[in-house]
Structure formats: structure tokens, C-alpha cells
Amino acid sequence: MDLVTAASLAGALLVTLLAVTFGYFVILLLLVHAKYDHLPGPKRTSFFLGNAADLTKSLRSPEDSIKLPEDLTNIKPIAHEAFTQWFEVYGDTYTIYVLHKVIVVTRHRNILKRILVDGDQRDFPKGEEFSLKHLYGQRFIGEGLVSACDHDAWYLRRRVMDPMFHRNHLKSAVATFNSAGDNFLKDLQTYAESGDSCGLSHLIEKSTLDVIMKILFSAEIADVGANFHELVANFIKESFAALQMSGMPLVQVNPLLYSHRLSIRKIVKSFREIGAKKIAERKAAICSGEAVPDDLLTAIIKGHLDPSTGYDFETLVDEFVGMIVAGMETSSNTLAFTFMELGRRPDLLQRLVTEVDEVVGQKSFISNEDITRLSFTSMLIKETLRRYAIAPSIMRVVRKETTIDGIRLPAGTPMMLSIMGANNDRKYIDDPDKFDPDRFHPEQTKRISVYSFLSFSLGLRNCIGQVFAQMEMKVMLAKFFQHFTLQLDSSETFHLGQRATLFPISGVKCKILSRE
Ligand code: HEM
């Protein structure tokens, strides 16, 4: 066969292959569309891309043109707003399509109830695809508690960790919450003295990392490395922004995004190496019989030494990364939103200051009893969690075909359970856009249903750190208002950003004013 014939044969083969692949993809799309045609949803703007264009638009700020990938961390996404608006138009359950993938978005109470609470969790697992196990092929949270999809493996790990997050165990951590709070005060004092504006979000982030490192891993930030806080902050921002991007069409394979994917892989890998080093040191101490702290790190390593839990060394690293990912940004953004609201609501700020003065006064140590008595502070935090659901949605998969209230969910359906949608559903919440901590007043006659306060999720796989987070946030707020107050910069926009979690885009720029 001569060269020309071979080349034309290869060309014909390639064209046939492309035509078959294209035909296969078209049939696949038609089948997926037919499978979900019975559910409402926004019109697909493209047969092939589905609603991808709407979603990509909603990931971007209306004002900014975003250049990928350099500006990923500066995206001002408003994805949750698109989801909320679609609830108003298409009802409590609707579909969105990206290429051949479909997601059913819901805030329907009975669906949430069945999936999170009443149903067998084996029938509604976290889907592998949405589980944060890997990011651009690099192991991210792997098989850790947050991402575990296999119910039995998850259960064994949750049993190892639950005691560390129990209210009684956390009582012994109150001193540590105080000491992290005192470090926060030192940073604030510097700004109060200089009169310069600060980005409060950044200072809070440092404190919530400080708390996690001390309580879960008995480590000071400084022990891990001088720039550890910046490193973690960068790791969280970059990886969260990438998580959000990675679901968009072709981001995983687009050659133009190769350097972005490579840099994210490197960031995640080097962060995992820090965790591996800490774990190896503690494991060596345990194995050689040295006295070790009674913290989460010791608990999971002891679990790893007991083969029945299925913890291998990499899973321990997954837990280290997972706890920081799940615990730092969530608490820190919730506190940032609380400060943002207090900055524009002198009435709430005054109520908080009065409570702090009455309960804590000039005491330098905030005890567990004080934390319990800070009831307005609790209401304030709960309303922040309701209004600005930091984790705006969570993912599950319906394994077997299930019909709930006449809504048929085919087997294999990926579900986005909208926490933001449920928390702000005007069918159940009066004037949901209004920030009103009194909704959570213990004497409020119209009690908020648990399905309108999904911020920590519900059921077996609810947030293990919810008591931890609320104690931490109460101590931070009380310490702050014992000594300082704040004045928001005039540049404050009150806009929300979204990179996996929600955050105040401005970073809560403000002046710190001393109360003394
Ligand atoms: C305001 C703060 C927080 C919020 C709003 C929050 C929210 C949530 C939500 C919604 C889930 C369910 C995720 C899902 O089902 O996909 C979750 C799970 C989890 N959270 Fe939190 N969280 C917060 C703080 C924390 C803290 C401080 C820690 C640890 C120190 C933590 C550790 C975890 C873990 C390990 C899970 C997985 C639990 C499991 O699957 O068994 N969270 N969190």
C-alpha cells in the first residue's frame, strides 16, 4: 500500500470514528433529556451544552470580565442566586443540564427529609463524582469523613471521631478557644492602635485556623511553619475556586487550562505533605509509648492502628486535609458575615455589646457557662447561618428509582440539595431576606423548622463540627466586643461571593475602634 492510500485510509477511519462518537453523544444526550423530561427546569440554551452558559455566566461578576485561570480567586460568582431565582420560576424541584450530565436541584421539604433523615443512607450516598475525593486527578480529601461515599466505611470513621466533637469533650477545649481568641485580640489591637482599616475576614480566617490546629491537632500555627496561615488561606481559596470551576464543560481537559490544573495539583500535593509529616511524627510518638495529647490526631491514628476501621496512612492525611477544609472557611465566613451585618445594624450591635457586658464583663476567661448564657449571640449566629448558608448546597445520588410526593427521581439521579433555597423559602419563612435574629428567640411562638435551618445539614451525615463551630464563634464574638467595636469602610458592598462556600466579597474592610 503506498503512502497516499494509507493516509487517505487513516483519514477516512478518523472521520468515521468522529462521526460515530458524535452520533453516540447525540443519542446519549437525547436519552438523558428523555429520562428527565418529566421534571421542569430552565430551558437548555444549547442542545449540547445544556444550561452551561447560564451557569458559567452566574459564576462571574456582572461587572467583571474574568480571565481564566489567573483571576479564579477574584471571581464574584452569584451561582446560588441563579438557583434561588429558578426555584421561584420552576418550583421546588427542577433540572439543570451540563453536556450529558443532569443535576436535579431541590428544596422540596419531603425530598430533603427522605434523603437526609428518613431514607436509608445507602440509598442516598454522596456521589463519587461530587465527593471532593480528587481535584484535577490529585488526591484532595480522598476517603476522609467529609468525602466518604461508602456508608459502612464512613460509619466506622464517624464512630472514631464523634467523641472528639461531643459537647462534653469540647468543654475541655474552652481554654483553647480562649487562647485563640486572645491571639485574635492581639491582631485587632495592632489595627486599633494604628487607625488603619483591616480586612476582618483575613484576621478571622487566621483565628479559625488557629483553633482547628490547636484543638484537633494540638499544634500552634507557628509550629507548622512561619507562613502556614498564608499557605492554608491560599490552598483553600485556590482549591475551592478550582472545585467550582472543575464541573464546567471541558475544564478538566482544556489544554489552555493545563498550567492552572498543574498549579492546583501542586498546591494540594504540598499541603498533603505537611499533613503527612505531622501524622508521621505523632504516629512514631504513639508507637514508641510517649505521652501524646488527647486530640483528634491521636484518635484517628489509634483508629488506623486498629485494622477494623480501614484507616490506611493516606486516609489519615485525608482527614487532616478534610478537617481544615470543612472547619476553617465555614466558621470564618460565618463570622465574617456576622460582623458585616453588625457593621450595618447598630441596633443588633448594641444588643450584642449589652449581652457581652452583662455575661462576660471584664473577665479575661470566657467559661463554658458564659458561652451557654450568651443567648443573643447564639441567635445572631444562627440567623447568619440561615441567611447566608455558607455551604449553600450539598450533593447526594438517588441510587434506586424513588418517587416522593409524585416527583419521580430515576435511578442514578445526582441531587443538589439546596440549603440556601430551603433556608430562604418564603413559603415557610416570613420575609426571608430580612436579617432578623429574633426568629431564633427561645420564646418565639413561630419556631423555625429544622428544614428552614439546614446550614449544618441533618441526619446521620450532619456536620460533626457544629457544636465546635458555634462555641468557637461565640468566644470570638464575645472577645471582640469586650474590647472593640467596628466601623465598616464606605466601600463595603454587602455582596456575596461564591467559591464552593459563600463569603463576603469585600473581606469586611473596617476600622477597629477600641471600647476602652
Ligand atoms: C459555620 C460552620 C460550619 C458549617 C456551616 C458547616 C456545614 C456543614 C455541612 C452543611 C455539612 C454536610 C456536608 C454534606 O453532607 O455534604 C458538614 C459536614 C461536615 N463538617 Fe461542617 N460546617 C461547619 C463547621 C465545621 C467545623 C468547625 C468542622 C471541624 C472542625 C466541620 C467538620 C465537618 C465534617 C468532618 C463533616 C462531614 C461529616 C460526615 O459526613 O460525617 N464543620 N458541615
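As the structure lists them, so they are numbered: ligands from 1, and atoms in each ligand from 1.
By the 6.0 Å contact criterion, NZ on Lys434 is open, its count of non-hydrogen atoms from other residues, nucleotides or ligands being 12 or less.
For the pair Glu314 and Arg272, the salt-bridge criterion is met [side-chain N within less than 4.0 Å of a carboxylate O]. With respect to the salt-bridge test (charged N to carboxylate O, under 4.0 angstrom), the residues Lys277 and Glu273 do not qualify. Using a 4.0 Å cut-off between charged nitrogen and carboxylate oxygen, Arg158 and Asp162 count as a salt-bridge pair.
Taking a cut-off of under 4.0 Å to the non-hydrogen atoms of Trp154, the atoms of ligand 1 that pass are 39 (C), 40 (O), 41 (O). When each atom of ligand 1 is checked for a heavy atom of Thr334 under 4.0 Å away, the hits are 1 (C). Applying the 4.0 Å criterion to heavy atoms of Asn462 picks out, from ligand 1, the atoms 38 (C). Per-residue contacts place Ile394 under 4.0 angstrom from the following atoms of ligand 1 (heavy atoms of the residue considered): 13 (C), 14 (C), 15 (O), 16 (O). Close approach of ligand 1 to Leu385 (heavy-atom distance below 4.0 Å) involves ligand atoms 1 (C), 5 (C). Applying the 4.0 Å criterion to heavy atoms of Met323 picks out, from ligand 1, the atoms 29 (C), 35 (C).
Here the CG atom belonging to Asp433 is positioned 5.5 Å from the CZ atom belonging to Arg426, to the nearest 0.5 angstrom.
For the pair Arg109 and Tyr428, the cation-pi criterion (under 6.0 Å, within 45° of the ring axis) is fulfilled. Relative to the six-membered ring of Phe494, Arg344 meets both conditions, a distance below 6.0 Å and an angle of at most 45° to the axis.
Taking 4.0 Å as the cut-off, Gly322 does not count as a neighbour of ligand 1 on heavy-atom distance. Residue contact annotation: Arg396 has a non-hydrogen atom under 4.0 Å from ligand 1.
For the residue pair Leu203 and Cys198, the shortest heavy atom distance occurs at CD1-SG, 4.0 Å. Taking both residues in full, the closest heavy atoms of Leu135 and Arg265 are given as O-CG, 4.1 Å, listed atom of the first, atom of the second, then distance.
Note on atom 21 (Fe) of ligand 1: protein N/O/S atoms under 2.8 Å are Cys463 SG.
In terms of polar-atom proximity, Ser455 is not counted as a contact of ligand 1, lacking any N or O under 3.5 Å from an N or O of the ligand.
Protein heavy atom in closest approach to atom 16 (O) of ligand 1: Lys126 NZ, 3.0 Å.
For Asp438, the side chain to side chain contact (heavy atoms under 4.5 Å, CB included) partners at least two apart in sequence or on another chain are Arg351, Met379, Asp436, His441.
Between the Ser455 side chain and the Leu385 main chain, a donor and an acceptor come within less than 3.5 Å of each other.
Of the candidates Arg461, Arg158, Arg157, the one placing a heavy atom closest to atom 41 (O) of ligand 1 is Arg158.
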